[in-house]
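The chains referred to below are lettered A, B, ... by the order of the sequence lines, with proteins before strands, and numbering in each begins at 1.
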Number of protein chains: 2
Amino acid sequence: MTDVPDIVVSRLPVYLRALQYMVINGKSTTSSQELGEKVGISAAQIRKDLSQFGEFGKQGTGYNIPFLIDSLLQILKVEKVWDVVLVGMGELGHAILRYQGFVNRGFNIVACYDSDPLKIGTKINNYSILDVKDLVKDAKKAEIKMAMLCVPASSAQKVTDLLVEGGVLAILNYAPLSLAVPTYVRVQYIDPVIGLQRMAYYLNK
Amino acid sequence: MTDVPDIVVSRLPVYLRALQYMVINGKSTTSSQELGEKVGISAAQIRKDLSQFGEFGKQGTGYNIPFLIDSLLQILKVEKVWDVVLVGMGELGHAILRYQGFVNRGFNIVACYDSDPLKIGTKINNYSILDVKDLVKDAKKAEIKMAMLCVPASSAQKVTDLLVEGGVLAILNYAPLSLAVPTYVRVQYIDPVIGLQRMAYYLNK
DNA sequence: ATCATATTGTGTTTATTTGCACTAAAAGGG
DNA sequence: CCCTTTTAGTGCAAATAAACACAATATGAT
């Protein structure tokens, strides 16, 4: 358990999401077979993945969904809510700030930053846009560990360096470029175009 | 080349993005070493990946960037622009429609749809919001192969079925759930929370 | 012209990931 | 109570992916 491959970890949130969806639909138990069909992953794969962390099912009956959800929340450390900062209040930053889907899945935006003097101080959804100059100081003080990065590509690396300086250890990067960070900092990339280009490869012209 | 692993294909857009960024910064040649440092992938990996499609570099000197970009555009089939439809004109759909970064990377939103009578017919950025009831017919007629899906989770599968019926073969799914599609249809998932949860695993509470 | 340096493409090895198939256990029916 | 069915967890084999290391080749300096 001290050395679970990242590829296994990356599937857990997908299982979690499907299980939470099942609960909403009134189900209380499931099997690796059924879950696998929902998420498009083989039943054996799911059992192997879960077995990395313990035994969560019962032979013959499968998995108790609320228990498995709870276990996954613990494993992923999202049974409590993480404070996250948002940097870059353009079009996308605004949409993210207004999105209601973070809190009940473990993340709460506690502050948002921009460098544009025209934006700093204005209010959106009860959030005051703060000056990115205060980012390092604020992040250190509030011990922020996670950030979402929505600035233009041209300033993304600069802001990343600030986040790292401020003690942030996990960055969700919406800027369309690869970031350089120390090995102890994690980055997840969200670039819709990369997804589209991956799929275009398989299309016929 | 008829059977390149998807994991290789998935890295090509990352290489492409980094190379295009290099061109902007005035560079005209690079090496697998340098590119690897930029994108966080080993030089050997990059060479192996590219060798799946041909020989693009020269011993001693490395890669000519414009030539490699061109080659990757061809391989990924994004040297021309694909028509894409957008379904779901909520907060996120609006932000996507206003985003300027698709066209110069190979994708053009040609129509947007919603099911809300209050939205249908209204205009955003020169786009009229169309009735999702016309989606299947329109997609067939215009031979649309790609779609972005931004509807709520509760209607995502239903709309997906419409897209498949309309002949769409590639779906960029922003709805936070796994979709069921025929094997010949590809889906790429964009769920920021999954990225955050993956990273939370590695944080200490 | 020769040598030192840089760097690709690739055969081979190593590591990782997935799938298979079986044992063990649980539940339900007659 | 026993038999059938279901299904988890897992050791092992197969498949896949990544890393290594080296021959081949290009450049530029002396």
**Request:** Could you tell me whether the side chain of A/D114 and the main chain of A/M89 form a donor-acceptor pair under 3.5 Å?
**Result:** yes
What pairs of donor and acceptor atoms, side-chain ones from residues 5-26 of chain A against any protein atom, are under 3.5 angstrom apart with sequence neighbours left out?
from, atom 1, to, atom 2, distance (Å)
A/D6, OD1, B/Y202, OH, 2.5
A/D6, OD2, B/R198, NH2, 2.9
A/S10, OG, A/I7, O, 2.7
A/R11, NE, A/D49, OD2, 2.6
A/R11, NH2, A/D49, OD1, 3.0
A/R11, NH2, A/D49, OD2, 3.3
A/Y15, OH, A/D49, OD2, 2.6
A/R17, NH1, B/D191, OD2, 2.9

**Fill in**
Per-nt protein contacts along nucleotides 17-22 of chain C (heavy atom under 4.0 Å; B base, S backbone sugar-phosphate only, - none) come out as SSB-B-
**Prompt:** Got a sec? Which of residues 29-37 of chain B come in under 4.0 Å of DNA chain C, heavy atoms?
**Reply:** B/S31, B/S32
**Item:** Smallest separation among heavy atoms of B/L97 and B/C112, with atom names
**Value:** CD2-SG, 4.0 Å
**Asked** Taking all non-hydrogen atoms of both residues, which atom of A/V185 and which atom of A/V168 are closest, and how far apart?
**Response** CG2-O, 3.8 Å
Acceptor/donor pairs from residues 171-181 of chain A side chains to any protein atom, 3.5 angstrom cut, sequence neighbours excluded:
from, atom 1, to, atom 2, distance (Å)
A/N173, OD1, A/A175, N, 2.8
A/N173, ND2, A/A175, O, 3.1
A/N173, ND2, A/L177, O, 3.1

**Item:** Rounded distance (Å) that lies between atom C1' of C/dA6 and atom OH of B/Y63
**Value:** 13 Å
**Message:** Can you build the contact string for nucleotides 23-30 of chain C? Use B for base contact, S for sugar-phosphate-only contact, and - for no protein heavy atom under 4.0 Å.
**Reply:** -BBSS---
**Message:** Would you compute the distance between atom OH of B/Y113 and atom CG of B/L130 and round it to the nearest 0.5 angstrom?
**Reply:** 5.0 Å
**Request:** Say whether, by atom type as modelled, one donor and one acceptor occur between the side chain of B/Q100 and the main chain of B/R98 under 3.5 angstrom.
**Result:** yes
**Item:** Contact boundaries on DNA chain D for chain B, cut-off under 4.0 Å to non-hydrogen atoms
**Value:** D/dA17 to D/dT27
**Rounded distance in Å - CG (B/L68) to P (C/dT7)** = 15 Å
**Heavy-atom side-chain proximity of B/L73 to B/I69 below 4.5 angstrom** = yes
**Request:** Using modelled atom types only, decide if a donor and an acceptor are shared between the side chain of A/N108 and the backbone of A/V110 within a distance under 3.5 Å.
**Result:** no
**Request:** Might you point out which heavy atoms bring A/Y127 and A/A111 nearest each other, and give the distance in Å?
**Result:** CE2-N, 4.4 Å
**Message:** For the NZ atom on B/K38, are there more than 12 heavy atoms of other groups (residues, nucleotides or ligands in this structure) within a distance under 6.0 Å?
**Reply:** no
**Asked** In a check of side chain to side chain contact (heavy atoms under 4.5 Å, CB included) between B/L68 and each of B/N64, B/D70, B/L72, which one passes?
**Response** B/L72
**Prompt:** Between B/C150 and B/L86, what is the shortest heavy-atom contact and its length?
**Reply:** SG-CD1, 3.4 Å
